[in-house]
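In what follows, a single structure is set out as structure tokens and then discussed.
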Amino acid sequence: MRVLVAEDDIASGKFMQKLLSKYGEVVVARDGIAAVDAFVNGINDNQRFDLVCMDIMMPKIDGYKALASIRDAERKLGLARDSRCKVIMISALDEGFDSSYASDDYEEYLCKPIDIIQFDNVVKKLGLV
């Protein structure tokens, strides 16, 4: 499995990288633009991501806009909904998450701090392992 972690907080990024490394290759992007670039580069290099863990509050562009760009890239490829990457939205502010904003573009939402058991269950539920 190939995973893209979009996380501007260095400690959280390292935590997610360690947590997800048991599943496969993990690429960490420190802002929304870097996340979109990494995703598009993965497509261009024929190394698509299976999972994207997207922090909502990031510099340059937020997680909502980065997710919209990622989904646009997949649509341009003509990917069917069931063929696109899985996305887990992540935020430190549970009450600040607007599920209606990108509700059909992501699979799960988790609030920080990430519960390892809950996260593993979500990854299994999504059929990634």
Side-chain angles (χ1 to χ4, degrees):
M1 174 169 54
R2 198 153 186 262
V3 183
L4 173 61
V5 173
E7 174 61 68
D8 63 312
D9 180 75
I10 293 172
S12 293
K14 286 182 180 182
F15 170 79
M16 293 297 294
Q17 186 172 26
K18 185 173 181 177
L19 174 65
L20 290 161
S21 64
K22 65 185 170 191
Y23 298 121
E25 180 187 358
V26 180
V27 175
V28 178
R30 298 283 179 219
D31 62 61
I33 291 175
V36 173
D37 287 347
F39 189 84
V40 170
N41 288 338
I43 289 172
N44 292 338
D45 295 341
N46 201 27
Q47 295 184 343
R48 289 179 35 208
F49 289 96
D50 303 295
L51 174 64
V52 175
C53 296
M54 180 73 67
D55 186 22
I56 294 172
M57 297 184 299
M58 289 187 293
K60 299 189 181 176
I61 63 172
D62 66 24
Y64 295 121
K65 290 177 184 163
L67 175 59
S69 295
I70 284 169
R71 293 303 189 205
D72 283 344
E74 289 176 322
R75 277 189 279 282
K76 287 178 183 173
L77 280 178
L79 291 178
R81 188 173 182 84
D82 61 347
S83 299
R84 65 188 194 175
C85 73
K86 305 293 186 205
V87 175
I88 301 172
M89 299 296 283
I90 300 171
S91 180
L93 303 173
D94 194 27
E95 66 276 358
F97 179 66
D98 183 358
S99 63
S100 67
Y101 193 77
S103 61
D104 65 342
D105 278 345
Y106 68 93
E107 281 68 36
E108 291 289 333
Y109 169 76
L110 295 174
C111 188
K112 295 177 189 177
I114 298 296
D115 178 298
I116 296 170
I117 294 170
Q118 178 188 21
F119 190 88
D120 284 341
N121 288 335
V122 166
V123 171
K124 289 174 187 169
K125 177 180 141 187
L126 294 176
L128 295 169
V129 291

From Y106 atom OH to L67 atom CG, the distance as rounded to the nearest 0.5 Å: 9.5 Å
Separation between NZ of K14 and CD of E7, rounded to the nearest 0.5 Å: 12.5 Å
F15/I116 under side-chain contact (heavy atoms from CB on, under 4.5 Å): CA gap, chis, key distance, verdict: CA-CA 10 Å; F15 170 79; I116 296 170; 3.9 Å; yes
Basic-acidic side-chain contact under 4.0 Å: K60, D8: no
By side-chain contact (heavy atoms from CB on, under 4.5 Å) - contacts of D50 (at least two apart): M1, R2, L128
Nearest heavy atoms of I56 and S91, plus distance in Å: CD1-CB, 3.8 Å
Spacing of CZ belonging to F49 relative to CD belonging to E25, to within rounding of 0.5 Å: 6.5 Å
Test side chain to side chain donor-acceptor pair (under 3.5 Å) applied to D115 - qualifying residues, sequence neighbours left out: none
Nearest-0.5 Å distance, SG of residue C85 to CD of residue E107: 7.5 Å
Qualifying residues under side chain to side chain donor-acceptor pair (under 3.5 Å), relative to D9, sequence neighbours excluded: S12
Heavy-atom side-chain contact between K22 and V129 under 4.5 Å: no
D120 and Y23: CA distance, side-chain angles, deciding distance, side-chain contact (heavy atoms from CB on, under 4.5 Å) verdict: CA-CA 10 Å; D120 284 341; Y23 298 121; 2.5 Å; yes
CG on L110 to CE on M89, rounded to 0.5 Å: 11.0 Å
Candidate pair L79 and R48, rule side-chain contact (heavy atoms from CB on, under 4.5 Å), full reasoning: CA-CA 12 Å; L79 291 178; R48 289 179 35 208; 3.5 Å; yes
Non-hydrogen atoms of A38 and V27 that approach each other most closely: CB-CG1, 4.5 Å
Approximate separation, where rounding is to 0.5 Å, of K112 NZ and D55 CG: 3.5 Å
Derivation and outcome, side-chain contact (heavy atoms from CB on, under 4.5 Å), residues I114 and M16: CA-CA 9 Å; I114 298 296; M16 293 297 294; 4.0 Å; yes
